[in-house]
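It should be emphasised that the depicted structure is a prediction, and the values quoted were computed from it without experimental measurement.
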Amino acid sequence: MIRFRFLPIRTWVRPAWFIPAMFVVYLVFEAPYAWWGWWRQFALRPGILRPRDGIMLMLCGVFGALRANSLHPLFWPSYGKWLARTPWRMPKPLPLGPIHLTPRDGVLLGVVMLLLHDANVSVLRVPLVFLMAYLATQAVTLATTGCKAYAYAIAFSMGLVARFWFDPTDALCLAALVYPIGYFGMHRSLSGFPWSKPWLVSISEPEPSVAALDKRMKLELTPHLGWPFDFVRPRQATQGISHGDGTLISLLVGWWLYCVTANPMIQDNRDMILALAVMAALGMSASRLVLYCQNYRTPISFWGRIFTLRWIIPGYDKVLVAPVLAALLIPAAASLPAAWAPEKHIGEPCLVAAMLLVLLVGRPTLKEWHLTGKHRIVPTSNAKLLVKI
């Protein structure tokens with residue numbers, strides 16, 4: 001018989017830990033009412049209730065995130081390795097507790113809703129914040145364990161919840177409709193256990209010690225051969241992002257940007273949010289250029305191109321196509337005729353999605369650039385210092 005006391009249960013991140021924490025926060029803010037009488041209570045109540053309810057909602061969000069990952073074998077490696085050695089398979093219940101929501105969670109949220117009595121904060125925010133954090137964590141889990149279709153479905157559906165965020169009733173109903181997607185996705189993910197994460201079932205290999213892990217980390221982080229051999233030695237090339245993921249992520253960002261800015265409750269901040277999103281896309285364009293060209297420079301200098309009449313070097317200049325094209329989308333979108341331009345609040349999200357699509361899917365990939373780009377490799381500042389020494 002297996003005894004659970006041998007398992008290193010992470011009690012400090014268990015969801016049950018946040019139940020007394022919520023009540024402690026509530027009592028700390030409610031204590032002045034019992035000590036200072038009704039007239040002091042009337043004077044202090046409006047200023048105290050708002051931060052108290054904000055902290056309670058934040059704890060509900062943390063509770064929802066932990067509810068989705070604290071008992072999951074993916075986020076608990078020792079539990080996952082132990083579970084892989086047992087005959088457990090779906091649809092049997094997990095030994096340490098279910099990952100899906102239970103009536104006990106509803107009772108806890110109901111108690112928290114009864115404790116909040118600030119007229120400016122809707123009590124429906126409690127289950128809404130809990131569900132949003134729970135579903136977001138579940139989407140990350142599903143994407144990691146190979147169920148990307150369910151993860152993207154949750155992400156796109158949660159954008160619609162954000163669209164009606166300032167209407168708690170509609171947002172909560174939409175979040176409740178998204179929950180079945182995560183529920184069936186979780187069953188699909190656990191049905192593949194332990195093959196969804198092969199490192200969970202390394203039964204024949206003992207767990208490495210702390211000293212072995214420290215030595216392995218030092219070997220991975222420390223250059224073995226020095227400049228320039230570290231750049232030309234055989235090594236695993238960076239894979240980058242796939243075309244499918246790049247396309248879906250671009251559409252997801254554009255969809256979320258539209259859902260957030262289309263909310264009528266943020267009329268005053270809509271233009272600022274859209275401007276920040278376009279600036280962030282431009283920043284990503286510059287970041288891609290720096291990532292590709294940090295140690296891989298043009299084979300000849302600018303003046304060398306001028307004097308040798310090699311103004312364009314296709315093998316190297318192809319790295320500039322995606323960032324430049326993404327930057328040119330902004331004036332191109334602004335120059336569209338009014339009859340062709342989409343609605344104001346749809347145009348900017350479409351522009352940001354198009355810029356991200358060019359940056360994430362545009363060729364060459366990082367692997368192709370490192371292996372086949374016609375460039376010269378230059379050392380970093382630290383390598384130059386070591387060479388001088």
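Annotation: side chain to side chain donor-acceptor pair (under 3.5 Å) contacts involving residues 127-136, sequence neighbours excluded, comprise Y134-Q138. Applying the side chain to side chain donor-acceptor pair (under 3.5 Å) definition to pairs two or more places apart or across chains, those involving residues 147-166 are K148-D245, Y152-D245.
Hydrophobic clustering of Ile, Leu, Val, Met, Phe, Trp and Tyr side chains at less than 4.5 Å, counting indirect connections, unites L57 with F164. Residues V140 and F156 fall into different hydrophobic clusters, defined by Ile, Leu, Val, Met, Phe, Trp and Tyr side chains chained together at heavy-atom separations under 4.5 Å. I154 and I249 fall within the same hydrophobic cluster, where Ile, Leu, Val, Met, Phe, Trp and Tyr residues are linked whenever their side-chain heavy atoms come under 4.5 Å apart, directly or through other members. L320 and I312 fall into different hydrophobic clusters, where Ile, Leu, Val, Met, Phe, Trp and Tyr side chains are chained together by heavy-atom contacts under 4.5 Å.
Annotation: R310, atom CZ; neighbour count of heavy atoms from other residues, nucleotides and ligands within 6.0 Å does not exceed 12. For F166, the CZ atom counts as densely surrounded, since its 6.0 Å shell holds more than 12 non-hydrogen atoms of other residues, nucleotides or ligands.
The aromatic rings of Y292 and W369 sit tilted relative to each other, their planes meeting at an angle between 30° and 60°.
Under the side-chain contact (heavy atoms from CB on, under 4.5 Å) criterion, V321 pairs with no residue at all, not counting sequence neighbours. For L357, the side-chain contact (heavy atoms from CB on, under 4.5 Å) test picks out T247, S250, V361, with sequence neighbours left out. For H100, the ring pair (Phe, Tyr, Trp, His ring centres under 6.0 Å) criterion is met by Y183, not counting sequence neighbours. Residues forming a side-chain contact (heavy atoms from CB on, under 4.5 Å) with R305 (at least two apart in sequence, or on another chain): T298, I300, I313, Y316, D317. In this structure, the side-chain contact (heavy atoms from CB on, under 4.5 Å) partners of T372, at least two apart in sequence or on a different chain, are K318, E368.
Annotation for T141 and L74: closest pair CG2-CD2, 3.9 Å, computed over non-hydrogen atoms. Across all their heavy atoms, C60 and V126 have their closest contact at SG-CG1, 3.7 Å. Across P299 and K374, no two heavy atoms sit closer than the pair CD-O, 3.6 Å. Counting all heavy atoms, side chain and backbone alike, A353 lies closest to G254 at CB-CA, 4.0 Å.
No donor-acceptor pair under 3.5 Å is formed between the side chain of H72 and the backbone N or O of S70. Between the W256 side chain and the L251 main chain, no donor and acceptor come within less than 3.5 Å of each other. With R104 contributing its side chain and L101 its backbone, the two residues share no donor-acceptor pair below 3.5 Å.
Remark: I99 CD1 to N69 CG distance equals 9.5 Å, nearest 0.5 Å. To the nearest 0.5 Å, atoms CG (L108) and CZ (F63) are separated by 4.5 Å. Rounding to the nearest 0.5 angstrom, the gap separating the CG atom in L83 from the CG atom in L190 is 9.0 Å. Remark: C147 SG to H187 NE2 distance equals 12.0 Å, nearest 0.5 Å. Distance check, rounded to the nearest 0.5 Å: CG of D170 to CG of L124 gives 10.5 Å. Atoms CG and CG, on L248 and L360 in that order, are 11.0 Å from each other to the nearest 0.5 Å.
A side-chain contact (heavy atoms from CB on, under 4.5 Å) with Y296 is found for exactly one of V378, L291, V319, I377, namely I377.
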Could you list the donor-acceptor pairs under 3.5 angstrom formed by side chains in residues 277-285, with sequence neighbours left out?
{"from": "S285", "atom 1": "OG", "to": "P323", "atom 2": "O", "distance (Å)": "3.1"}

